[in-house]
Amino acid sequence: MNPVTYPREQCLELVWQMLRIRRFEEACAQLYGEGKIRGFLHLYIGEEAVAVGALPVLQPDDAVVATYREHAHALLRGMPARTIMAEMFGKSTGCCRGRGGSMHLFDAATRFYGGNAIVGGGLPMAVGLALADRMQGRTRVTACFFGDGAVAEGVFHESMNLAALWKLPVMFCCENNLYAMGTALARSESQTDLCIKAASYGMPTHRADGMDVVAVREAALAAADEVRAGRGPQFVEFRTYRYRAHSMYDPDLYRDKAEIEEWKKRGPLHSFTDQLKRQGLFSEADFEGLESRAEAELKEAIAFAEGSAPEPVADLYKDVRAAEVSAS
Amino acid sequence: MNPVTYPREQCLELVWQMLRIRRFEEACAQLYGEGKIRGFLHLYIGEEAVAVGALPVLQPDDAVVATYREHAHALLRGMPARTIMAEMFGKSTGCCRGRGGSMHLFDAATRFYGGNAIVGGGLPMAVGLALADRMQGRTRVTACFFGDGAVAEGVFHESMNLAALWKLPVMFCCENNLYAMGTALARSESQTDLCIKAASYGMPTHRADGMDVVAVREAALAAADEVRAGRGPQFVEFRTYRYRAHSMYDPDLYRDKAEIEEWKKRGPLHSFTDQLKRQGLFSEADFEGLESRAEAELKEAIAFAEGSAPEPVADLYKDVRAAEVSAS
Amino acid sequence: MSPRVTYRDAMREALREALQRDPRVFLMGEDVGMYGGSYAVSKGLLAEFGPERIRDTPLSELGFVGAGIGAALGGMRPIVEIMTVNFSLLALDQLVNTAASLRHMSGGQFHVPLVVRMATGAGRQLAAQHSHSLEGWYAHVPGLRVLAPATVEDARDMLWPALQEEDPVIIFEHALLYNVEGPLEPGAGADIRHARIRRPGRDLTVVTFGGMLNPVLGATEELARAGIEAEVIDLRVLRPLDDATICASVRRTHRVLIVDEEWRSGSLAAEISARIMEQAFFELDAPVQRLCGAEVPVPYARHLEEAALPRTPAIVEAARRLVGVAGAAP
Amino acid sequence: MSPRVTYRDAMREALREALQRDPRVFLMGEDVGMYGGSYAVSKGLLAEFGPERIRDTPLSELGFVGAGIGAALGGMRPIVEIMTVNFSLLALDQLVNTAASLRHMSGGQFHVPLVVRMATGAGRQLAAQHSHSLEGWYAHVPGLRVLAPATVEDARDMLWPALQEEDPVIIFEHALLYNVEGPLEPGAGADIRHARIRRPGRDLTVVTFGGMLNPVLGATEELARAGIEAEVIDLRVLRPLDDATICASVRRTHRVLIVDEEWRSGSLAAEISARIMEQAFFELDAPVQRLCGAEVPVPYARHLEEAALPRTPAIVEAARRLVGVAGAAP
Ligand SMILES: Cc1ncc(C[n+]2csc(CCOP(=O)(O)OP(=O)(O)O)c2C)c(N)n1
Ligand SMILES: Cc1ncc(C[n+]2csc(CCOP(=O)(O)OP(=O)(O)O)c2C)c(N)n1
Ligand SMILES: [Mg+2]
Ligand SMILES: [Mg+2]
């Protein structure tokens, strides 16, 4: 890793976010084992640098569209851990009042548009959000996160073309963790260089080592600046890796243990803190401080979720459509 | 146009095919006016060199997948004009016994798989036909024709990737006539060089002037040879132009008359015959001979269609599925 | 006397008015601009409102429907045109998995005020890939409101209230209606909640919608000449169904024929029959009958296509048979 | 005694047997190979049959379903797996506009012997984008045959006859069934034409299919203890429906409850009710009732999801109410 030139405060913040996400995800795994969280659960462990580097370059009124592997994005967008945890516990205090679960986190306050469990499903939504901004004369960015697997979907193609054709303010963030469930990129794409694919729409591309939080942040900043400057959509590829199985159902038989170990050596959290330590910007004490902060946050979130009431069954039919108003 | 080096016989055949298609299409327009042909009717006038150059490079056991603008392809594949005409008259002697009409010509005998009125709908079918050939150890080519408009569809992206990923024997033939209905290519694609798009799948590309029947033929030959040699799918772009409106419903308000006239100057039929005449390979008498041959073919086809019986209404439910067999 | 205009012109008027009244409204779809709309509905609007608001799209049904969803989330009121219901299959994922689900899935935080218009139905010899009627599929999906304007007035008047909805609305325009002329009161206004009785009658109820309304009304004239007075219900709103209007009519006539161009099995007609079963069984003097499209991919040849569709003679015949059925023991 | 195996294992056995018996058969879909199938149905088959015949695809539902159609036309007998019915919406265009239409549209020249398998249904807290039941939509489409194996035997035995069809067959596997164990006679063989009476009874008929069969059977035990003998019909084949078996039962019991996990409006249950109306109205002592899924996008939280689905207590309650209804005047 290259020497870090950020001020210490900022470095600490980056470590903090990566650490809290890591701990959050570990807790989710545990709670899943205990049957508190159910359904499909996709963890972000190993990929933290991507969201932590990319999300904070956005402004509060920018929009974010993500996937079913989106706890980190929700946290970074500013959603409280407790409402996310409560959501996964299926409680009325969850961000979606228990209707969404892990794959469908949403938050209107921070313009966090989910939480989409259809691979590629968020891409055209991002295009439309950006179109609305353009038509209403607002300079906002819509950041759209998706995996390498989504690139094979037709809707990727259609969305990239629409965004590029109409020069819309979208930042397409591809979290390339090299696998879509059990399918390695090379078994899914004839062209594995995803920037080449994006460039075929005439879209500017950026690439960053997704295990290096600083590199991610710089690439995201550059891309977001371009978008904000009105230079149309940008594509950013982050090469990363998930340490855990695809979901809690996945026996993970398709990857070499050696490959996983190799990537773990490049872990985003320790490689960054190691570098900071070498530069004298970070100490064990700092780490311990952040650990207890993460623990406190989690404890509070879990207690909140545990203690919350379930949504009344009587409200099952609520929010299918708007409550009927008088006559139109 | 460059000097033609083909033997006279072959040149005459190319003229003949272009002429008979032109006359066939003109007759269709007329019969549509008379109410004999109905529904949607898409003419190939102006684009004849593409099909005439490309189709004959195929072998009898190769497969062809086309679009709703496919009369020429059907004729070149060897389907008799009479069964096509009868189909458009909605008669029982039509190739599909009147069920398909102009947009849905099919012929099992010549492996002509239609005739698809969903833009892009034929592409994955071509991929599957090629897959079947590969799995059964056959060296056959599947030629898939589609327009520039189809390139925007997600299914184009998915099909190109599948074919390239699995190295399947497909020849993708893009008939780029610069418009999809009223939408010019530049208003539909952020990248208007379609070969660049195809290349982004790692697929070899070829390009030919679609108004020059010899150039088309040479490009198609090269591409088909590559496919047959097992070097995977190939993409061929033919730049061409339709002289008529998109369909008989289209008022054609979106194109400059001057643009149409400009392209007409490069008309595939007369530019080829002019060149042949300059080389002394073709005479007015030749032309007249072909004209009367075309007229005779058409006359016979129309008479056949007129004289044929309609499909009995009692057979409406036939061929929804195979007739029920005993027990399985 | 009110002026007569075509359904196409009425729909165009509705679009124009919506574009004028609300700057958030825009129209997006394949060839809605330069071409003027594949059924010429939006002809002239590009010149009037410009390419931002009359937005031609590439051939990317899934993409631009999804973009419509996003634009709705972003504060616009998009009207997305899909050329034909057959092509809407390419966009169903976005419509069902996102547009219809988002409000519930997000616990009420997000909603999608999107209007999708599409042509539907057969009768123009366009064959199997351009002639389906899948209204019933859309009417199956919670989160959607589904409209089927069958008259010139409804073509003009249903769009604006649809745009006032906070959630997605699907509007089906039967392709055979575009050229139909009818009277048009200025600014009549329409509700998008209720079915309407288009003709009162005492002997049987005929429930129908969209492209079948006119053949049904044609049949009732013939029936009237034979002394059979049919009450005709035009559903107008296919989801949610207006059970009250249907059942009130059943209580008057005790016999029901449903005419629906869709394939019979799993048609909207089935749902209506099932509801009458549940809500008015003891009012029935005879089993509810359905007259639907033949269960075949719609064929091209005119005589085959006509044979596949419910047409006036078949409607008359079905109504006569229904009225001829002996009532249940009193 | 016959060995007990899971539905998942039975389905895998069926796949293995088909792959062994017919070299034209291959399995294609997302993660069917290296991963072993998202529901582990095809686990181990890659090692046995190799990557050509156990073919992992990119995430391209429309593309690989279309490729399946092409491969079927090219002489293969593809089995295409779509992970979940929700994702099948992405492929509907190819299934409806091509696979189901091609034979008719081509005047009988081409046909598509394609088998598509997909998981369906709720009950695993997978929320709105992974829990739909759209069997009724597929059952609406002429040209398709639609199967819903609900037992371990049917899981094993319906695939082979499906592969013998000359035209497309859709197989729905309810996600809750994969872990269910049941007895399995070796090579019993199954027809894919008829519904089956899973339990005889005289007091009412319960018509159901797929994932609802077990809750229904559970309910009948409880009902039996209360002296109510329900006859249970497992449809098995959702298109074409086996009207004869249903109506014969109606003639015995005169009361019908249909249990269907789908959203109620426009469900397959509606079609069955409508058919009974048409074919056995005068046999009915009470209106046919439907018990269906709540018309909401399926929510995540367990208690909400359970409340949205027809479960044994509700089935018992509906059956009791139905039997309590006074008969029509004799
Ligand atoms: C349209 C669709 N197809 C298939 C799936 C099942 N599925 C869920 S996640 C996933 C893998 C996606 O991989 P990728 O896009 O690389 O994201 P990652 O999980 O690696 O973050 C698949 C196939 C789905 N949810 N949606
Ligand atoms: C999926 C789909 N969307 C839209 C249409 C309507 N449509 C028919 S032809 C056409 C234009 C296609 O253009 P192109 O692919 O360039 O072929 P061309 O007509 O120019 O030969 C359109 C939009 C359709 N048939 N199918
Ligand atoms: Mg991935
Ligand atoms: Mg074109």
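Throughout, a chain's letter reflects where its sequence line sits, starting with A, and its residues are numbered from 1. On a predicted model such as this, the values are computed, not experimentally measured, just so you know.
If you measure heavy-atom distances from B:Val119 to chain C, the contacts under 4.5 Å come from the side chain alone. Heavy-atom distances place both the backbone and the side chain of B:Asp250 under 4.5 Å from chain C. Using a 4.5 Å cut-off between heavy atoms, B:Ile37 contacts chain C through both its backbone and its side chain.
Distance OG/C:Ser38 to CZ/B:Phe40: 7.0 Å, rounded to 0.5 Å. To the nearest 0.5 Å, atom OG1 of residue B:Thr183 and atom CG of residue C:Asp31 are 3.5 Å apart. In this structure, CG on B:Asn116 lies 4.5 Å from CD on C:Gln129, to the nearest 0.5 angstrom.
Across all their heavy atoms, B:Ala180 and C:Leu59 have their closest contact at CB-CD1, 4.3 Å. For the residue pair C:Ala127 and B:His104, the shortest heavy atom distance occurs at CB-CD2, 3.7 Å. Contact detail for C:Pro58 and B:Ala152: the closest heavy-atom pair is CB-CB, 3.7 Å.
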Dump the intermediate steps for side chain to side chain contact (heavy atoms under 4.5 Å, CB included) on B:Met181 and C:Met83, then the final yes or no.
CA-CA 12 Å; B:Met181 287 184 61; C:Met83 282 189 180; 3.4 Å; yes
Exercise. Run the side chain to side chain contact (heavy atoms under 4.5 Å, CB included) check on B:Glu153 and C:Leu62 step by step: do they pass?
Worked result: CA-CA 9 Å; B:Glu153 291 281 0; C:Leu62 187 58; over 6 Å; no
*Step by step, work out the side chain to side chain contact (heavy atoms under 4.5 Å, CB included) result for C:Asp56 and B:Arg187.*
CA-CA 8 Å; C:Asp56 279 325; B:Arg187 297 199 307 117; 3.0 Å; yes
Apply the test side chain to side chain contact (heavy atoms under 4.5 Å, CB included) to residues C:His303 and B:Val313: give CA-CA distance (whole Å), side-chain angles for both, the deciding distance (0.1 Å), then the verdict.
CA-CA 7 Å; C:His303 66 294; B:Val313 167; 3.8 Å; yes
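Shown here are the ring pair (Phe, Tyr, Trp, His ring centres under 6.0 Å) partners of C:Tyr39, two or more places apart in sequence or in another chain: C:Tyr178. Legend: residues meeting salt bridge (Lys or Arg N to Asp or Glu O under 4.0 Å) with B:Arg242, ordered by chain and number and at least two apart, are absent.
Contacts with chain C were tallied for B:Gly154, B:Ala150, B:Gly100; B:Gly100 has the most, counting heavy-atom pairs under 4.5 Å. When the candidates C:Arg302, C:Glu305, C:Gln125 are compared by the number of heavy-atom contacts under 4.5 Å with chain B, C:Gln125 comes out ahead. When each of B:Cys96, B:Gly149, B:Gly120 is scored by its heavy-atom pairs under 4.5 Å with chain C, the top score falls to B:Gly149. Ranked by heavy-atom pairs shorter than 4.5 Å toward chain B, the options C:Leu90, C:Thr84, C:Leu304 are led by C:Leu304.
Two residues are said to be in side-chain contact when any heavy atoms from C-beta on lie closer than 4.5 Å; C:Met34 and B:Tyr179 fail this criterion.
Between C:Tyr35 and B:Tyr254, the two ring planes are parallel [angle under 30°; tilted spans 30° to 60°].
Side-chain contact annotation: B:Arg97 with C:Tyr300, donor-acceptor N/O pair under 3.5 Å absent.
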